[in-house]
Number of protein chains: 2
Amino acid sequence: MLKLTRKVEYALIALRHMQTLKPRKLTSAKEIAEAYGLPQQLLAKTLQQMARDSIIEAVQGPSGGYRIMSDLDKISLKDFFEKLEGPLGIMDCYFDSDCIQLGACNIRTPIQRINENMREMFSKMSLREVTQ
Amino acid sequence: MLKLTRKVEYALIALRHMQTLKPRKLTSAKEIAEAYGLPQQLLAKTLQQMARDSIIEAVQGPSGGYRIMSDLDKISLKDFFEKLEGPLGIMDCYFDSDCIQLGACNIRTPIQRINENMREMFSKMSLREVTQ
DNA sequence: TTTAAATACGATAATTTTAGTCGTATTTAT
DNA sequence: ATAAATACGACTAAAATTATCGTATTTAAA
Ligand code: FES
Ligand code: FES
């Protein structure tokens, strides 16, 4: 309950690792996976996704790899989480989508209040705060 | 990711329902389950757990049921969540328990920082705020 | 120009967690 | 006595998460 996924965890580990390297130095999925004992393929996918989201940059070919691309100060944890895992909320109560009830859910409003608080909290934290 | 469990959801629905009743009026698991279309047995377990935790009171025998027992203003959402689901945190980083790494996890400190923020946030919200 | 090391990514398998059910015991008002 | 409720451990089912596989593409370097 209220747990992060591995994907996000691996992403954070990778970013934090990249920040220890000198700027524009590349590192590969293999390097990171071996250094921290992570499943390489899964980590690779996560890196690829971050590359699609322009958080990091990918360079192909041998001696290729990844490097940090954007300013981590400018990315909130909320945006980061949402890029990797979709909309952030304790529960999916947009429309009546996920809710068990058909129409009148008695906890909808309070749930949304909690959601707002969460989003606000993670909006206030930057990715750099976490990775530095 | 960062989702509530059904157990907690059912608990909130039940509490909110009880608050609409007049004080000390009993309501049964069956009543609530039918009113909101929830699985009765699972709801019952949740109610039983809340009873063990003294959030609500159980009365046995026919015409028995449950009623709110404690002052919901005095229970934080953090305590509520933790009673139902155990320690609250985006990730289990007490000791090295859950972490993939043996010793040196590079995101441990930042994760704990996030955990603290979450706990603080849910400490500031009372159960009544949600159920009223 | 061949090779090898890397990214890219869809499909699928394995695992874990969550959700729900079953069976049975106990309590107690009627 | 009966029936309606709570109580609870064991089990099953379903869903979500995590991990792997297979294959294609890119490109530096031999
Ligand atoms: S509408 Fe979100 S829990 Fe019911
Ligand atoms: S110690 Fe918590 S993620 Fe590593």
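Just so we're on the same page: letters track the sequence lines, and every chain starts at 1. Predicted model only: the values in this text are computed from it and were never measured. As a basis for the values below, the full set of heavy atoms in this structure was taken, side chains included, without hydrogen atoms, waters or symmetry mates.
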In whole Å, what is the span from the [atom1] atom of [X] to the [atom2] atom of [N]?
{"X": "Q40(B)", "N": "dG20(C)", "atom1": "CD", "atom2": "C1'", "value": "13 Å"}
{"X": "K30(A)", "N": "dA5(C)", "atom1": "NZ", "atom2": "P", "value": "7 Å"}
{"X": "Y66(B)", "N": "dA4(D)", "atom1": "OH", "atom2": "C1'", "value": "13 Å"}
{"X": "L2(A)", "N": "dT17(D)", "atom1": "CG", "atom2": "P", "value": "13 Å"}
{"X": "L42(A)", "N": "dT17(D)", "atom1": "CG", "atom2": "C1'", "value": "10 Å"}
{"X": "E85(B)", "N": "dT18(C)", "atom1": "CD", "atom2": "P", "value": "7 Å"}
{"X": "Q49(A)", "N": "dA8(C)", "atom1": "CD", "atom2": "P", "value": "12 Å"}
{"X": "I32(B)", "N": "dA5(D)", "atom1": "CD1", "atom2": "C1'", "value": "13 Å"}

Tell me, do [X] and [Y] make a side-chain contact under 4.5 Å, heavy atoms counted?
{"X": "E9(A)", "Y": "M91(B)", "value": "yes"}
{"X": "M121(A)", "Y": "N117(B)", "value": "yes"}
{"X": "I68(A)", "Y": "I55(A)", "value": "no"}

**Request:** Would you mind telling me which of E120(A), M118(A), R119(A) makes a side chain to side chain contact (heavy atoms under 4.5 Å, CB included) with F122(A)?
**Result:**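 Answer after filtering E120(A), M118(A), R119(A): M118(A).
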**Name of the residue among I75(B), L47(B), I56(B) meeting side chain to side chain contact (heavy atoms under 4.5 Å, CB included) with L15(B)** =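 It is I56(B); the other options fail the test.
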**Message:** When the axes are fitted on five pairs at both termini, how much does the helix from dT1(C)-dA30(D) to dT30(C)-dA1(D) curve, in 10° steps?
**Reply:** 0°
**Item:** Residues R113(A) and E116(A) bridged, charged N to O under 4.0 Å
**Value:** no
**Prompt:** Are M1(A) and V8(A) grouped together when hydrophobic residues (ILVMFWY) are joined by side-chain heavy atoms under 4.5 angstrom apart?
**Reply:**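 Per the 4.5 Å side-chain linkage, M1(A) and V8(A) are co-clustered.
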**Asked** Is there a path of hydrophobic side-chain contacts, each under 4.5 Å between heavy atoms of I, L, V, M, F, W or Y residues, that connects L26(B) with M18(B)?
**Response** no
**Request:** For G65(B) and for K45(A), find the nucleotide of DNA chain D with the closest heavy atom, then tell me which residue's nucleotide is more 5'.
**Result:** G65(B)
**Message:** Just to be sure I understand the rule, does A44(B) reach a base, reach only the sugar-phosphate, or reach nothing, if contact means heavy atoms closer than 4.0 Å?
**Reply:**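 No contact.
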**Item:** Options dT7(C), dT21(C), dA5(D), nucleotide nearest the side-chain atoms of A58(A)
**Value:**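 My answer, after comparing the listed nucleotides, is dT7(C).
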**Request:** Ignoring the backbone of Q48(A), work out which of dT6(D), dA8(C), dG9(D) is nearest its side chain.
**Result:** dA8(C)
**Message:** When you measure from the side chain of E129(A) to the backbone of S126(A), do you find a donor-acceptor pair of N or O atoms at a distance under 3.5 Å?
**Reply:** yes
**Message:** Under a 3.5 Å threshold, yes or no: a donor from one side chain and an acceptor from the other, between Q49(B) and K83(B)?
**Reply:**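 Note: Q49(B) and K83(B) side chains miss the donor-acceptor criterion.
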Might you list the N or O atoms of the protein lying below 3.5 Å from N or O atoms in nucleotides 26-30 of chain C, with each pair's distance?
{"unit_1": "dT27(C)", "atom_1": "O4'", "unit_2": "Q60(B)", "atom_2": "OE1", "d": "3.0"}
{"unit_1": "dT27(C)", "atom_1": "O3'", "unit_2": "Q60(B)", "atom_2": "OE1", "d": "3.3"}
{"unit_1": "dT27(C)", "atom_1": "O2", "unit_2": "G61(B)", "atom_2": "N", "d": "3.4"}

**Message:** dA8(C), OP1 or OP2 - any side-chain N/O from R52(A) closer than 4.0 Å?
**Reply:** no
**Prompt:** OP1, OP2 of dG20(C) versus side-chain N and O of Y10(B): anything below 4.0 Å?
**Reply:** yes
**Asked** Closer to the 5' end of DNA chain C via nearest nucleotide, is it Q41(B) or G64(A)?
**Response** G64(A)
